[in-house]
Amino acid sequence: MASLREALLCWFAENARPLPWRESYDPYQVWLSEIMLQQTQMERAVGYFQRFVARFPDMASLAAASEEEVLKLWEGLGYYSRAKNLLACARRVVAAHGGALPHDPKTLQALPGIGPYTAGAVASIAFARDVTAVDANVERVFARLFDLDMPVREARTRAFILETAAALVPRGKAREWNQALMELGALVCLPKRPRCSECPLSGQCEAYRLDLVFERPVPAKAVDYIPMDVASGLLVREGRVFIQKRPETGVWAGLWEFPGGTVESGETPEQAVVREFREETDLDVAITAKLAVVRHGYTRYRVALHCFALRDLNDAAEPALHAAQEGRFATLAELSGLAFPAGHRKLIDQLVGQNRGGLLLDPMR
DNA sequence: TAGTCGTGGCG
DNA sequence: TCGCCAAGACT
């Protein structure tokens, strides 16, 4: 055990990537990075982190922010409840903890958006507490190191991993140790292409000894992906387009969108967008142009997004809000300041990039 | 406990 | 092109 710890800590000292929050281990920055890194790879999170810290350098400035601005900064990073909880957590920390994150994992875990992993990560990395932080990297490393022959998500396996992790934390070095385990998983002990020849632990790895590295961890049952056609419409009035703000819960909570919805079986995208517009806004619309088909995915869905330009069929009435908490007409330029789901953002960027915005929205045409 | 909740990259 | 993935939390 001693040599295992020594080997990994030594490797981390040599191979730790230089990351912004590793310069100071400022608790606010560590917490922010950990929230961003939930289900997100390092390279994607770093840019978002830097923009966040530049705009909100500390807990107090973040707590004073509007949800609209936080969502805009989070746009494209996904899992938007993290942004909502980030803001709620900052406000709670200011209101109940004097603006400073608590050091204790249990107290941390009571805060919005902080679960078992993040509580352990912040307590150890920001506050040097001797606690574990077990994420998917650590599970994979342990599954190989100890040749665990059952899926890591299984309750008994998780219990074993948590127990083992707790026993391994070197006193006073949890900050380095927890990061070292995750860094090893991210750089060396890779899911599909493990680099065992570069691994400081290969000599002590049971799966490596048994030539079972590629069989570990035992895969969970595969998710089935669901292809889906969605139709969305840009209703244009006097150079502005109708947008609505999605409900507080569910997918893309609090983000703006163009009305639309699933293309039902036996229905064309054209029929779907007209039907959805009527259902969501009570407006009767007609299609003036097909703008694009944007392909994107979310969770287990793979979406073909059919996008149309629309005009009012009858007299222009105020849109109802049956599927939104807010609605308005906005210029194409205004859309750049609001947060949209990635698929809608792709469409907006396409329209602006092709300079079709003017063609589409110019009231003179 | 099992489902929900995003996204972009990669082979 | 497309299936599969990659630093969890919440209900």
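Heavy atoms only: backbone and side chains are in, while hydrogens, waters and symmetry mates are out. Proteins come first, then strands; the chains are lettered A, B, ... in the order of their sequence lines, and each starts at number 1.
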Next on the checklist: Run Phe52(A) and Trp74(A) through ring-ring contact (aromatic ring centres under 6.0 Å, His included) and show every step you take.
Outcome noted: CA-CA 9 Å; Phe52(A) 252 86; Trp74(A) 202 273; 5.8 Å; yes
Next on the checklist: Among residues 109-132 of chain A, which ones have heavy-atom contacts with DNA chain B below 4.0 Å?
Outcome noted: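 Listed by number, there are none.
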Item to check | Residues which pass salt bridge (Lys or Arg N to Asp or Glu O under 4.0 Å) with Asp130(A), listed by chain and number, not counting sequence neighbours | outcome: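 Partners of Asp130(A) by the salt bridge (Lys or Arg N to Asp or Glu O under 4.0 Å) criterion, ordered by chain and then number, come out as Arg171(A).
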Between [atom2] on [N] and [atom1] on [X], what's the gap in Å once rounded to a whole number?
X         : N       : atom1 : atom2 : value
Glu183(A) : dA6(C)  : CD    : P     : 16 Å
Leu86(A)  : dC10(C) : CG    : P     : 12 Å
Arg295(A) : dG3(C)  : CZ    : C1'   : 15 Å
Glu43(A)  : dG9(B)  : CD    : P     : 11 Å
Arg193(A) : dC5(C)  : CZ    : C1'   : 13 Å
Phe214(A) : dC5(C)  : CZ    : P     : 15 Å
Asp349(A) : dT7(B)  : CG    : P     : 13 Å
Glu75(A)  : dG8(B)  : CD    : C1'   : 14 Å

Checklist entry - Is a side-chain donor-acceptor pair under 3.5 Å present for Glu69(A) with Ser66(A)? => result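 No, because no side-chain N or O of Ser66(A) sits under 3.5 Å from a partner of the opposite role on Glu69(A).
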Checklist entry - Quick one: do the Thr118(A) and Gln38(A) side chains pair a donor with an acceptor below 3.5 Å? => result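 Gln38(A) and Thr118(A) do have a side-chain donor-acceptor pair below 3.5 Å.
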Next on the checklist: Over all strands shown, is Arg158(A) touching base, sugar-phosphate only, or nothing at heavy-atom distances under 4.0 angstrom?
Outcome noted: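 Nothing, no nucleic acid heavy atom in range.
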Next on the checklist: So Gly76(A), base contact, sugar-phosphate only, or nothing? Heavy-atom distance under 4.0 Å.
Outcome noted: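 It contacts sugar-phosphate atoms only.
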Shortest side-chain distance from [X], nucleotide among [options]:
X         : options                 : answer
Asn85(A)  : dG6(B), dC10(C), dC5(C) : dC10(C)
Gln38(A)  : dA9(C), dT7(B), dA6(C)  : dA9(C)
Pro191(A) : dG8(C), dA6(C), dT7(B)  : dA6(C)

Item to check | P atoms of dC5(B) and dA6(C), separation to the nearest Å | outcome: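 dC5(B) and dA6(C) have their P atoms separated by 22 Å.
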Item to check | Rounded distance in Å between the P positions of dG8(B) and dA9(C) | outcome: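 To the nearest whole Å, 23 Å.
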Item to check | Set of residues satisfying ring pair (Phe, Tyr, Trp, His ring centres under 6.0 Å) with respect to Tyr301(A), sequence neighbours excluded | outcome: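 Tyr301(A) satisfies ring pair (Phe, Tyr, Trp, His ring centres under 6.0 Å) with Tyr298(A) only.
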Checklist entry - So which of residues 8-16 of chain A are in contact with DNA chain C, with a heavy-atom cut-off of under 4.0 Å? => result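 Residues of residues 8-16 of chain A that come under 4.0 Å of DNA chain C do not exist, since none gets that close.
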Protein-nucleotides 1-5 of chain B N/O pairs closer than 3.5 Å?
residue : atom : partner   : partner atom : Å
dT4(B)  : OP2  : Arg300(A) : NH1          : 2.4

Checklist entry - Can we say Arg216(A) and Asp147(A) salt-bridge, meaning some charged N sits less than 4.0 Å from an Asp/Glu carboxylate O? => result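 A salt bridge is present here (some side-chain N lies under 4.0 Å from a carboxylate O).
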Item to check | Pairing residues for Thr107(A) by the side-chain hydrogen bond (donor to acceptor under 3.5 Å, both in side chains) criterion, not counting sequence neighbours | outcome: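 With neighbours one apart ignored, the set is Asp104(A).
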